Amino acid sequence: MRAHFAPQAEIDLEEVGDYIALDNPARAVSFIREIQRYGNTCEKIAGGPDHYAARPDLGDTIRICAHGNHLIVFEPFDDGALILRVLHGARNVPGVLGS
């Protein structure tokens, strides 16, 4: 099982990392690693995407996972999960997903 990142999710991660780095560069690096690296959050999602909260209000297959103050928005994919967005929890999720 593998986590695949949509282009917008990659952009989101870069923006989140840049924002965190303003106050704490080391934490920015560790946050990105927690999300992307093998054995961490997105790989766990990919290992069992159906274990996470479904959000039918956002799309038929959309699910979410909280990671600290952030939400990882994804959908099950052939061999894991497709990470669609990585957003701060205070954001309007339907607004950024076009719903």
Side-chain angles (χ1 to χ4, degrees):
M1 297 295 176
R2 185 157 179 251
H4 304 271
F5 288 81
Q8 185 59 55
E10 294 284 356
I11 292 167
D12 291 342
L13 278 174
E14 186 174 329
E15 289 175 354
V16 169
D18 289 347
Y19 182 78
I20 294 170
L22 293 173
D23 289 326
N24 189 339
R27 177 61 187 136
V29 171
S30 68
F31 179 86
I32 300 303
R33 284 184 180 152
E34 289 169 12
I35 298 288
Q36 286 187 312
R37 296 286 166 101
Y38 177 78
N40 288 311
T41 304
C42 288
E43 291 297 327
K44 290 176 185 173
I45 289 169
D50 293 334
H51 296 140
Y52 295 89
R55 289 292 304 265
D57 57 315
L58 302 176
D60 292 340
T61 61
I62 303 293
R63 295 181 174 273
I64 61 168
C65 173
H67 180 81
N69 293 329
H70 291 79
L71 293 176
I72 300 169
V73 181
F74 67 95
E75 58 187 353
F77 194 66
D78 294 339
D79 64 344
L82 176 62
I83 309 305
L84 301 170
R85 301 293 308 260
V86 180
L87 304 166
H88 192 278
R91 294 205 48 194
N92 177 355
V93 175
V96 297
L97 291 179
S99 301

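Bear in mind the structure is a predicted one, so any value in this text is a computation, not a measurement.
- Identified under the side-chain hydrogen bond (donor to acceptor under 3.5 Å, both in side chains) test for residues 70-82, with sequence neighbours left out: His4-Asp79, Thr61-Glu75.
- With side-chain heavy atoms closer than 4.5 Å counting as contact, directly or through intermediates, the hydrophobic cluster containing Ile35 also holds Phe5, Leu13, Val16, Ile20, Phe31, Ile32, Ile45, Tyr52, Ile72, Phe74, Ile83, Val86.
- Gly17 approaches Ala28 most closely through the heavy-atom pair O-CB, 3.3 Å.
- Taking Glu34 as the reference, Arg27 meet the salt bridge (Lys or Arg N to Asp or Glu O under 4.0 Å) condition, with sequence neighbours excluded.
- The salt bridge (charged side-chain N to carboxylate O under 4.0 Å, His left out) contacts involving residues 13-23 comprise nothing, where partners must be two or more places apart or lie in separate chains.
- The heavy-atom pair separating Gly80 from Pro49 by the smallest distance is O-CG, 3.6 Å.
- Nearest heavy-atom pair across Glu10 and Gln36 is OE1-NE2, 3.5 Å.
- The hydrophobic cluster around Ile11 extends to none of the other residues, as no ILVMFWY side-chain heavy atom falls under 4.5 Å of it.
- Contact check for Gln8 versus Leu84: no side-chain heavy atoms found under the 4.5 Å cut-off.
- Residues satisfying the salt bridge (Lys or Arg N to Asp or Glu O under 4.0 Å) criterion with Asp50, sequence neighbours excluded, are Arg63.
- Smallest separation of non-hydrogen atoms from Ala3 and Cys42: CB-O, 3.4 Å.
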